[in-house]
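Here is the structure we will look at, set down as structure tokens.
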There are 2 protein chains.
Amino acid sequence: MKSLDASTRDTILTLASAVFYQKGFSGARMQEIADLAGINKAMLHYYFKSKEQLFDMVFQQALGQFLGGIAQVLSGTAPLQTKIEQYVAYTTTALMETPALAAFIMHELQQHPERLSAQFSDRRIIDLTNFRQQLAATKPQYQEPNAAEHFFANMVSLCVYPVLAQPLLSPLMHKNEAKYRAFLRERTSHITQLLLRQL
Amino acid sequence: MKSLDASTRDTILTLASAVFYQKGFSGARMQEIADLAGINKAMLHYYFKSKEQLFDMVFQQALGQFLGGIAQVLSGTAPLQTKIEQYVAYTTTALMETPALAAFIMHELQQHPERLSAQFSDRRIIDLTNFRQQLAATKPQYQEPNAAEHFFANMVSLCVYPVLAQPLLSPLMHKNEAKYRAFLRERTSHITQLLLRQL
DNA sequence: CTTTGAATTAACCAACTGGTTAATTCATGA
DNA sequence: TCATGAATTAACCAGTTGGTTAATTCAAAG
């Protein structure tokens, strides 16, 4: 039983995301997506003219979600502390819901870095100047070249990587999935404190 | 012109690594690997009976390289400071030589986490106890549950992610490849200081 | 020179995969 | 009720891909 025509596209998009996230573009099969959506391949091509187009929509949406948190930190007017706290909390929570998202984006971006440009041309949100100013205002040492960039890279790394590398770190720490998830939740405050201590 | 039969296998393995690293298992093509090696597909299957077998060798080797640095930190007898300094320097350097390695491992591990087990059954090197003891000896607060794990996760994240996410962070920081590489090199000391400050 | 086993090649194949087509059903507004 | 366009299906297709086979070349040992 299908949902209303208008929302069918969205349903497909959601199911397709799951497949693409886990298997990547080349590993994903149109047949599998169609099966998941309970339609046949022809219907899939009726809603999305090609695998590439379907993938592009999934990828751009995923990238938007991923960059959303960053944009807020880089351009918002809130105090630096607040922005950092919000980013750490939001990113951890969001990524934990779709653990394969980060690995998917990195893997696809590795092969086709140009796919990023679509997100950069439009939105001007992606700019470090505002962030650097706020940092420098808090502590003068952040005026030095690359100091703000290092802080930013630290923040993102500390949040994203442990989620992305769960299949590696979880066995390494002898934690089952539940325990590792608890560990990740615990990290939110750990990371926040570590970062704020640098200000 | 081919190299000596014995080393041909290694040549293929190296070339295949490059392809697998960039395109993953499902994106890689036996034909492309054969072309790179200057042989035809039949020869490729002569040396490696299947794509899966060739991939397994590549993957296990990649994983070994990736875990090599970690093992040293976790089990060596050197002082903690030295081990940290060595890990940061080694990891950054090693990953920068094959930037696609980390994304490759994460992506494949996401789909087949069981591929990790091969590395874990044999070597007992992968154990945090030694590391935790050294940490606790330096600062008692690291006796608390998960404290050592957080430190470890921080260390790995700070080193690996900025290399892995180069296609994302490089444009975001308005750095070309050369400048971003310089930034990564600069991070070696930045990360080391940050970590040692936590002791 | 000949034997023998490894190295190499060209041709081939079956399965898979993205995509198409033409015909059919369904819903709805006139 | 009928006309119209969207939704859906089954069958099909051409290109790709991993893998095989049988025949051939090559190199070294006897």
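Quantities reported herein were computed from a predicted structural model and do not represent experimental measurements. Values below: all heavy atoms of this structure, side chains included; hydrogens, waters and symmetry mates excluded. Note on naming: letters A, B, ... go to the chains in the order of the sequence lines (proteins, then strands), and numbering restarts at 1 for each one.
- Judged as a ring pair (Phe, Tyr, Trp, His ring centres under 6.0 Å), the pairs with a partner in residues 24-44 of chain B (not counting sequence neighbours) are, in order, Phe25(B)-Phe55(B).
- Partners of Glu149(B) under the salt bridge (Lys or Arg N to Asp or Glu O under 4.0 Å) rule, at least two apart in sequence or in another chain, are Arg132(B).
- Looking at residues two or more places apart in sequence or on another chain, you find a salt bridge (Lys or Arg N to Asp or Glu O under 4.0 Å) between Glu32(A) and Lys23(A).
- To the nearest angstrom, P of dG18(D) lies 11 Å from CG of Leu54(B).
- Listed by first then second residue, pairs satisfying side-chain hydrogen bond (donor to acceptor under 3.5 Å, both in side chains) with a partner in residues 60-69 of chain B read Gln60(B)-Gln119(B), not counting sequence neighbours.
- For residues 182-194 of chain B, the set of pairs meeting the salt bridge (charged side-chain N to carboxylate O under 4.0 Å, His left out) definition, not counting sequence neighbours, is empty.
- Sorted by residue number, the members of residues 13-29 of chain B with any non-hydrogen atom under 4.0 Å from DNA chain D read Ala28(B), Arg29(B).
- Between His190(A) and His150(B), the ring planes are parallel. Angles under 30° get that label, and only those over 60° would be called perpendicular.
- Under the side-chain hydrogen bond (donor to acceptor under 3.5 Å, both in side chains) criterion, the residue pairs touching residues 166-176 of chain A are Lys175(A)-Asn146(B), with sequence neighbours excluded.
- Looking at heavy-atom distances under 4.0 Å, Met43(B) makes contact with a base.
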Heavy-atom contacts, protein to nucleotides 10-15 of chain C, under 4.0 Å, summarised as B (base), S (sugar-phosphate only) or - (none) per nt, yield B-----

Identify every side-chain donor-acceptor pair in residues 12-21 of chain A under 3.5 Å, counting partners at least two apart or on other chains, and give the distances.
{"unit_1": "Thr14(A)", "atom_1": "OG1", "unit_2": "Asp10(A)", "atom_2": "O", "d": "2.9"}
{"unit_1": "Ser17(A)", "atom_1": "OG", "unit_2": "Leu13(A)", "atom_2": "O", "d": "2.8"}

